[in-house]
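Working notes for the structure below.
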Amino acid sequence: MTISSYDEVRFSAISENLKVIRENIGNSAVSAGRKPEDIRLMAVTKTVDVKYINYSIDCCGVDLIGENKVQEYLSKKEFLPLEKIEKHLIGHLQTNKVKKIVGEVDMIQSADSPRLCKAISDESGKICKICPVLLEVNIGGEDSKTGFDEGAFVDSLEEISQLPNITVKGLMTIPPISDVTAVLERYFDKMNEYFHTLKEKNLKNFDLQILSMGMSGDYELAVKHGSNLVRIGSSIYGARNYNI
Ligand SMILES: *Cc1c(COP(=O)(O)O)cnc(C)c1O
């Protein structure tokens, strides 16, 4: 691989960004009386060229990546050091693509309907595996977003707990965009409450450990309100260019 001076600049920006983000996560954790090491950092790599992803893995200690699209992940994976990382799907998954991704990633964070959970369980069963998933909750009840609506979520839990080839490892959310801290805090607190209530239910096939919330714009707040996995893209790799 030839490295241009443009790449050098990008590499050092990625390294610096990760340093700052880790510091910020640590500070938020401590200010909330939590341990920095209890919070995992996911690098969201959608639209990012593999050379930058690999730099962040090989030189900056990234050990968890998230991709949104099945096809994009599959076309990148042969160029990634897969043995060094955990890979999660975080984007909306269509039922007809389930077959392609089950067995390829370590977790599906975007399980957003009982039908999709069943499809994931069925496909995992065919390859004799159990697929870890997070249930995605549409906590703001927005029409434009995927994820369980709150009512559907509560009503579906029993049915989901009967699926033999998934384990529900936790919850994921993308709250509505807001500049108002108090509004975001309310959504994060609500998710945190769901997470703890659900934990106490001890449902079959549920092993709740992960509360995935917080992105570039709001991860510090999310950590203060219970998140233990933040998903960060543009603050690490720079603004996304969807045209490449
Ligand atoms: C793109 C994306 C992120 C990261 O977004 P940034 O604002 O770039 O940090 C996190 N989670 C999901 C589900 C995403 O699609």
_Path from V105 to L229 over hydrophobic side-chain contacts below 4.5 Å_ = no
*Euclidean distance, D189 CG relative to R186 CZ, rounded to 0.5 Å*: 10.0 Å
_Test log, rule salt bridge (Lys or Arg N to Asp or Glu O under 4.0 Å), inputs K190 and E193_ = CA-CA 5 Å; K190 226 165 161 187; E193 209 176 294; over 6 Å; no
*Roughly how far apart are I139 CD1 and E150 CD, rounded to 0.5 Å?*
4.5 Å
*Please tell me if the side chains of I166 and P132 come closer than 4.5 Å, counting only heavy atoms from C-beta onward.*
no
*If you group Ile, Leu, Val, Met, Phe, Trp and Tyr by side-chain heavy-atom gaps below 4.5 Å, do V180 and L221 land in one group?*
yes
*Residues two or more places apart in sequence or in another chain: which of them pass ring pair (Phe, Tyr, Trp, His ring centres under 6.0 Å) with Y187?*
none
*Can you tell if the side chain of I65 reaches within under 4.5 Å of the side chain of H88, non-hydrogen atoms only?*
no
*Under 3.5 Å donor-acceptor, D149 side chain and G151 backbone*: no
_Side-chain donor or acceptor of T167 paired with backbone N/O of N205 under 3.5 Å_ = no
_Test of ring centre spacing under 6.0 Å for Y52 and Y237_ = no
*According to a 4.5 Å side-chain heavy-atom criterion applied to Ile, Leu, Val, Met, Phe, Trp and Tyr, with indirect links allowed, do I174 and L135 form part of one hydrophobic cluster?*
no
*Is there a chain of hydrophobic side chains (I, L, V, M, F, W, Y, each step under 4.5 Å between heavy atoms) that links I232 to I53?*
yes
*What pairs meet the ring-ring contact (aromatic ring centres under 6.0 Å, His included) rule with one or both residues in residues 190-226, with sequence neighbours excluded?*
F153-Y194
*Is it possible for you to say whether M213 and L171 belong to one hydrophobic cluster, with membership spreading through side-chain heavy-atom contacts below 4.5 Å?*
yes
*Is it true that a side-chain atom of S110 and a backbone atom of G91 form a donor plus acceptor pair closer than 3.5 Å?*
yes
*Establish, from distance only, whether the side-chain atoms of H92 and Q94 form a donor-acceptor pair under 3.5 Å.*
no
*asked:* If we ignore hydrogens and angles and just use 3.5 Å, is the side chain of S121 paired with the main-chain N or O of C117 as donor and acceptor?
replied: no
*Between the side chains of Q209 and D207, is a donor N or O closer than 3.5 angstrom to an acceptor N or O?*
yes
*Of all residues at least two apart in sequence or in a different chain, which pass the salt bridge (charged side-chain N to carboxylate O under 4.0 Å, His left out) check with K224?*
none
